[in-house]
Amino acid sequence: PIRQNNEPSVANFENFFRDCGLVIVSVSDDVVALATRIRAHHHLKMPDAIHVAMAIVWQCDGLVAKDWPLTKKDSIMGLKLWSLWD
């Protein structure tokens, strides 16, 4: 919506993310260390490894993804992975 200069749509996104209960957290040293191990052992790209590490550190029940290779795995280090397309 930003490229199309669609201000009402931009405002809808901003309102959703402000009011939906999301908590924004920083990537800690612990997350980076875990992500590095996940990347090495599970052959993920670093952004995917960081997402997985954040979910593990924050004790999420699972992680929903739509991109390969995450969708080819059932779990990583006990974290359940679900495909958006299932």
Rounded distance [0.5 Å steps], [atom1] in [X] versus [atom2] in [Y]:
X: E7; Y: E14; atom1: CD; atom2: CD; result: 8.0 Å
X: S75; Y: H42; atom1: OG; atom2: NE2; result: 8.0 Å
X: M54; Y: L63; atom1: CE; atom2: CG; result: 11.5 Å

Taking all atoms of both residues into account, what is the closest heavy-atom pair of [X] and [Y], and its distance?
X: I38; Y: I56; value: CD1-CD1, 4.0 Å
X: A35; Y: A53; value: N-CB, 3.7 Å
X: L79; Y: G62; value: CD1-CA, 3.7 Å

For residues 25-33, please give each side-chain donor-acceptor pair under 3.5 Å, one per line with the distance, not counting sequence neighbours.
{"from": "S28", "atom 1": "OG", "to": "D30", "atom 2": "N", "distance (Å)": "3.4"}
{"from": "S28", "atom 1": "OG", "to": "V31", "atom 2": "N", "distance (Å)": "3.2"}

Self-check item: Residue pair M77 / L34, side-chain heavy-atom distance below 4.5 Å
Solution: yes
Quiz item: With no hydrogens and no angle check, is any side-chain donor or acceptor of D48 less than 3.5 Å from a backbone partner on L44?
Solution: no
Quiz item: Can F13 be reached from I2 by stepping across I, L, V, M, F, W or Y side chains whose heavy atoms are under 4.5 Å apart?
Solution: no
Practice problem: Inspect the surroundings of CG in N15 and state if more than 12 heavy atoms from other residues, nucleotides or ligands are less than 6.0 Å away. | Solution: yes
